[in-house]
Undergrad: 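Okay, handing you the structure first.
Just so it is clear, the structure is predicted and the values come from calculations on it, not from any experiment. Computation of the quantities below employed the complete heavy-atom set of this structure, encompassing side-chain atoms and omitting hydrogens, waters and symmetry-equivalent molecules.
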Amino acid sequence: MFDTLSDRLSATFKNLRGKGRLSEADIDATAREIRIALLEADVALPVVRAFIKQVKERASGIEVSQALNPAQQVVKIVNEELVGILGGETRRLRFAKTAPTVIMLAGLQGAGKTTLAGKLGKWLKGQGHSPLLVACDLQRPNAVNQLSVVAERAGVAVYAPEPGNGVGDPVKVAQDSIEFARSKQYDVVVVDTAGRLGIDQELMQQAADIRDAVSPDEVLFVVDAMIGQDAVNTAEAFRDGVGFDGVVLSKLDGDARGGAALSIAHVTGKQIMFASNGEKLEDFDAFHPDRMASRILDMGDLLTLIEQAEKTFSQEEAEKMASKLASSKGKDFTLDDFLAQMEQVRKMGSISKLLGMLPGMGQIKDQINNIDERDVDRTAAIIKSMTPGERHEPTIINGSRRARIAKGSGVEVSAVKNLVERFFEARKMMSRMAQGGGMPGMPGMPGMGGGPGRQKKQIKQAKGKRKSGNPMKRKAEEAAAAERKAQGGALGLPAAEEQKNFELPDEFKKFMG
């Protein structure tokens with residue numbers, strides 16, 4: 001969603017690199033480019049004005065003029081101001097002192113409230129809560145049935161006493177759900193309300209009646225991040241008509257310009273609390289302004305990546321794999337282990353999304369977007385077509401075995417050969433890293449071809465013994481060297497004695513016959 005904005009900002013900052021000092025003209029040009037980038041991203045004009053004003057004031061001040069790297073300081077300022085307009089600190093859910101906590105979802109029809117109720121329910125369940133979804137959208141056709149299906153997929157309970165499709169009183173359903181939750185010991189109630197195609201009095205009145213009936217601890221306004229400036233107008237109308245405590249952005253994975261996300265918190269004064277960035281129930285998480293700003297500036301989102309990895313990989317499994325890689329040059333690490341690791345990574349989400357969280361990936365986003373996710377499935381099919389013995393010891397896979405495996409997995413023989421070769425290379429590299437060797441061929445880092453100390457030592461050894469600058473001492477050294485040479489021993493021993501004690505290293509003996 002923020003690709004266009006990221007590209008424009010990256011190009012703007014690139015023009016500042018290498019400048020030891022920024023003039024007033026440089027700052028004005030940078031501010032102008034940032035203003036254009038934000039307006040093109042459909043950010044609300046009042047937000048753009050406030051943002052540019054802050055950036056210009058700080059960029060013209062002492063923190064940039066006296067910085068060692070002015071360009072990086074400007075990036076830092078823009079990052080901090082982006083975090084500010086996105087809401088500042090992460091806003092957490094407020095839970096009631098006495099269960100159940102009541103969360104009411106409000107918003108226009110089509111914003112994705114019903115699907116988001118299921119995502120929120122699954123997220124709460126993952127946080128250790130016992131949520132109950134309540135079907136109070138009794139007007140939209142099949143809304144009740146949709147919520148029941150979503151709740152089943154999310155593995156959470158649903159309260160839907162009315163069939164919907166225009167039948168039933170949503171206010172009574174909301175009231176009864178609280179008592180039902182208490183009796184069944186559900187600690188969080190998520191109320192899904194009806195929406196309209198646009199703001200009208202009937203919609204506002206029904207939402208206000210449900211709010212008054214259940215006294216929610218949190219009212220979350222669900223907004224489609226793809227509708228642009230209208231999202232801000234709708235949010236303001238709901239804030240004035242019903243009131244809400246936080247914002248949830250849906251469809252953040254869309255290809256719209258994303259200005260709503262950058263505008264809504266600043267305009268309404270209510271923070272974005274959650275974001276939905278995909279169709280799967282797992283594509284939902286708390287909204288972190290600092291991480292979103294980092295993504296927009298192509299600085300990655302390593303914290304989210306680490307959190308996703310921690311959810312997927314158990315500490316015990318990680319230690320088990322590390323011990324396999326560290327022992328016997330990694331030979332205990334088999335294709336079965338490789339397949340298990342690959343499937344764990346797949347559980348974290350799409351490969352392209354994971355790569356997109358790494359810093360600097362915006363520069364190769366076209367290649368990332370062209371990644372074929374089915375390659376993982378093909379690799380899994382090849383490994384599963386092998387016998388247990390072949391997976392344990394891939395070196396036994398010869399031509400006839402490759403042909404059988406290729407036939408069983410529906411790929412070319414060359415694909416099997418390439419997979420086995422890549423596995424050996426990957427195992428070798430991972431084994432070296434697990435043993436603390438790091439990546440080969442990278443000087444200056446531990447285990448990566450030797451650090452500066454080792455390089456200096458090698459240079460010193462190559463240069464040999466230096467001659468003294470004192471003429472008398474140098475003359476004595478030369479006389480001693482001449483005497484050793486006359487005796488035939490380069491080590492100061494008689495030549496015969498040297499030959500008697502000298503032994504070639506074992507690795508050279510095989511070349512000497």
Undergrad: For the side chain of Glu162 and the backbone of Val144, is there at least one donor-acceptor N/O pair under 3.5 Å apart?
TA: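 Absent.
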Undergrad: Are side-chain heavy atoms of Arg211 and Met104 found at a separation under 4.5 Å?
TA: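 They are in side-chain contact.
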Undergrad: Could you walk me through whether Glu218 and Arg91 pass the salt bridge (charged side-chain N to carboxylate O under 4.0 Å, His left out) test, one step at a time?
TA: CA-CA 12 Å; Glu218 295 276 18; Arg91 161 84 153 78; 3.0 Å; yes
Undergrad: Crowded around Gln185 CD? As in, over 12 foreign heavy atoms under 6.0 Å?
TA: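 No, CD of Gln185 has 12 or fewer neighbouring heavy atoms, counting only those of other groups under 6.0 Å.
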Undergrad: When you measure from the side chain of Gln271 to the backbone N and O of Gly246, does any donor-acceptor pair fall under 3.5 Å?
TA: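 No; zero donor-acceptor contacts below 3.5 Å.
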Undergrad: Pairing donors with acceptors under 3.5 angstrom, does anything connect the side chains of Thr114 and Asp192?
TA: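 There is such a pair (donor and acceptor under 3.5 Å, judged by atom type) between the side chains of Thr114 and Asp192.
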Undergrad: Which label fits Phe238 and Phe221: parallel for a plane angle under 30°, tilted from 30 to 60°, or perpendicular past 60°?
TA: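 Rings of Phe238 and Phe221: tilted, as their planes differ by 30° to 60°.
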Undergrad: Below 4.5 Å, heavy atoms only, C-beta onward: do Asp137 and Thr193 meet side chain to side chain?
TA: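 Side-chain contact under 4.5 Å: no.
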Undergrad: Within the supplied structure, the quantity of interest is the number of heavy atoms (other residues, nucleotides, ligands) at a distance under 6.0 Å from Glu236 CD; does it exceed 12?
TA: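 Yes, because the 6.0 Å sphere around CD of Glu236 holds more than 12 heavy atoms from other groups.
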Undergrad: Would you say Arg378 and Ser409 make side-chain contact, with heavy atoms under 4.5 Å?
TA: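 No; the side chains remain at least 4.5 Å from each other.
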Undergrad: Please walk me through it: do Thr101 and Arg94 pass side chain to side chain donor-acceptor pair (under 3.5 Å)?
TA: CA-CA 8 Å; Thr101 298; Arg94 290 190 301 256; over 6 Å; no
Undergrad: Where the side chain of Lys125 meets the backbone of Gly155, is there a donor-acceptor pair that is under 3.5 Å apart?
TA: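 Yes, the answer is positive, given that a donor and an acceptor are paired below the 3.5 Å cut-off.
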Undergrad: Are the side chain of Asn165 and the backbone N or O of Leu138 linked by a donor-acceptor pair below 3.5 Å?
TA: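 A pair under 3.5 Å: no.
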Undergrad: Between the main-chain N or O of Thr334 and the side-chain N or O of Asp337, is there a donor-acceptor pair closer than 3.5 Å?
TA: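 Yes, because the side chain of Asp337 sits within donor-acceptor range (under 3.5 Å) of the backbone of Thr334.
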Undergrad: Quick one: does Ser250's side chain have a donor or acceptor within less than 3.5 Å of a partner on Gly112's backbone?
TA: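 Checked: no pair found.
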Undergrad: Counting C-beta onward and ignoring hydrogens, is there a side-chain heavy-atom pair between Val102 and Val191 closer than 4.5 Å?
TA: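 Yes, side chains in contact.
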Undergrad: Is Lys280 salt-bridged to Asp283, cutoff N-O under 4.0 Å?
TA: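 Not counted as a salt bridge, because no side-chain N and carboxylate O are separated by less than 4.0 Å.
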Undergrad: Can you find a heavy atom in the side chain of Ile103 that is under 4.5 Å from one in the side chain of Leu220?
TA: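 Yes, their side chains come closer than 4.5 Å.
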Undergrad: Less than 4.0 angstrom from a charged side-chain N to a carboxylate O is my criterion; do Glu80 and Arg58 meet it?
TA: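 Looking at Arg58 together with Glu80, the answer is yes, because their closest N to O distance falls below 4.0 Å.
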Undergrad: Salt bridge or not for Arg32 and Asp28, using N-O below 4.0 Å?
TA: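 So Arg32 does not pair with Asp28 through a salt bridge.
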Undergrad: So Phe180 and Tyr186, would you call those rings parallel, tilted or perpendicular, with 30° and 60° as cut-offs?
TA: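 Answer is parallel, since the angle falls under 30°.
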